[in-house]
Amino acid sequence: MTLIFAHRGSAGTHPENTMDAFFEAERVGADGIELDVQLTKDGEIVVIHDETVDRTTNGKGFVKDYTLKEIQKLQANFKFKSKLFKKNRVPSLREVFQWLKGNDMLCNIELKNSIMDYQGLEAKVIGLIREFGFEDRIIISSFNHYSIVACYRLEPAVEIAPLYSSGLYMPWIYARSIRAKAIHPNLKAAPDEIIVEAMKNGIAVRPYTVNKIDQMERLLSIDCSAIVTDFPERAVKLRNHKKS
Ligand code: G3P
Ligand code: CA
C-alpha cells in the first residue's frame, strides 16, 4: 500500500509546518507527516522551512538569530489570513513529538542544513528521537547527504533517506552505499522504471511533492512506497477509492 505523507503538514490547506497543518494531516487519515527543521540561536530545534522567518511569519531575519522564545512570539499563519489560523506559531520539534505521542503516525524530518551549517543539529535530533523512543517512527532526510550519514552513524536504528532533485543513475545502489533504506526524489526525477527497480531492490521510494490527481494515480497504480503531498486528504480519498 502506498503511504501518504503530509508535506509540511497539510500545507495546501493549512499554514505549512504548523501544529494546525499536522492536526489536519491526522484528521484526514495521512500515515505520516513531513516537516523541516532548523536551529535557533539558543540551539533549539524548530520546525520551519526557510533559513529566514520572512516568508512564513510576520517577522524578519534569520532563524539562527532568534531564540526559541523570540521566534515563538511570531505569527506563522502567513498566507492563511483567516482568524482561525492566527494562533499558529513556529513549533519546536519537541512540541511536535509531544503530539506524536498521542497517535501512531510516521514523521519524516528534513534537516535543512544545506545552506546553514547548524553545528550539532544531527546529534540534537537523534537525542530527541531517543528521548521519545521514536526510533522506528522517524525517517531523517536531507539534501545534505553527509548529514544523514552522520545521523546513521549516531543511531543506525533510525531510517535515513537522501533527497535529490535530478536524475540519479541506479539510485538504489547509491542508497545502499550510504545505508539508506529509501530515496526521496523530486517527482520529476522519479520515472516509473526507477521507482519499480528501486523497490525491487529493497529501497523504498517516496517522491515529493505530489499534488495533482493524475500524478497521485500514476504512483498509486505502481504501488509506490509512499507519496509526499500538500493535499493529504485528496490522496487518502483517492487511495481509498481505488481500494474499494
Ligand atoms: O520531502 C521533500 C521536500 O520537502 C523537499 O523540498 O523544499 O519542500 O523542503 P522542500
Ligand atoms: Ca521539506
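As the structure lists them, so they are numbered: ligands from 1, and atoms in each ligand from 1. Starting from 1, each residue takes its place in the sequence as its number. The model shown is predicted, which means the values in this text are computed figures rather than measured ones.
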Student: Quick one: are Ser166 and Asn186 in side-chain contact, heavy atoms under 4.5 Å?
Tutor: no

Student: Quick check on side chain to side chain contact (heavy atoms under 4.5 Å, CB included): which of Val205, Leu163, Val228 does His184 satisfy it with?
Tutor: Leu163

Student: Can you list the atoms of ligand 1 that are under 4.0 Å from a heavy atom of Arg8?
Tutor: 7 (O), 8 (O), 10 (P)

Student: Could a heavy atom of Arg206 be found less than 4.0 Å from some atom of ligand 1?
Tutor: no

Student: Indicate the ring-plane relationship of Phe134 and Phe97, choosing parallel, tilted or perpendicular according to the 30° and 60° boundaries.
Tutor: perpendicular

Student: Quick check: does Thr209 get an N/O under 3.5 Å from an N/O on ligand 1?
Tutor: no

Student: Give yes or no for whether the N/O distance cutoff of 3.5 Å, strictly under, is met between Tyr208 and ligand 1.
Tutor: no

Student: Kindly check if the number of other-residue, nucleotide or ligand heavy atoms within 6.0 Å of OH (Tyr146) is above 12?
Tutor: no

Student: May I ask you to check whether Asp50 and Thr52 show a side-chain donor-acceptor distance below 3.5 Å?
Tutor: no

Student: Using a 4.0 Å heavy-atom threshold (strictly under), name the region of His49 that reaches ligand 1: side chain, backbone, both or neither.
Tutor: side chain

Student: Tell me, please: is His184 in heavy-atom contact with ligand 1, that is, under 4.0 Å?
Tutor: no

Student: List every atom of ligand 1 that sits less than 4.0 Å from any heavy atom of Asp36, numbering the atoms from 1 in the order shown and giving each element.
Tutor: 9 (O)

Student: Side-chain heavy atoms under 4.5 angstrom apart, residues restricted to Ile, Leu, Val, Met, Phe, Trp, Tyr: same cluster for Leu128 and Leu68?
Tutor: yes

Student: For the residue pair His14 and Phe23, is the inter-centroid distance of their aromatic rings smaller than 6.0 Å?
Tutor: no

Student: Assess, by modelled atom type and distance only, whether the side chains of Gln119 and Asp117 contain a donor and an acceptor separated by less than 3.5 Å.
Tutor: yes

Student: Salt bridge check, Lys87 against Asp20: does any charged N sit closer than 4.0 Å to a carboxylate O?
Tutor: yes

Student: Return the residue, atom name and 0.1 Å-rounded distance of the protein heavy atom closest to atom 5 (C) of ligand 1.
Tutor: Glu110 OE1, 3.4 Å

Student: No waters, cut-off 3.0 Å: how many protein N, O or S atoms are close to the Ca ion (ligand 2)?
Tutor: 3

Student: To which protein heavy atom is atom 1 (O) of ligand 1 closest, and what is the distance rounded to 0.1 Å?
Tutor: Glu34 OE2, 3.3 Å

Student: Looking at Leu163, which atoms of ligand 1 are within less than 4.0 Å of one of its heavy atoms?
Tutor: 1 (O), 2 (C)

Student: Mind jotting down which residue pairs meet the salt bridge (charged side-chain N to carboxylate O under 4.0 Å, His left out) criterion with at least one end in residues 139-166? Sequence neighbours excluded, please.
Tutor: Arg130-Glu155, Glu159-Arg206

Student: Is it true that Glu233 and Arg27 have a side-chain N and a carboxylate O under 4.0 angstrom from each other?
Tutor: yes

Student: Lys112 heavy atoms, cut-off 4.0 Å: which ligand 1 atoms fall inside?
Tutor: 7 (O), 9 (O), 10 (P)

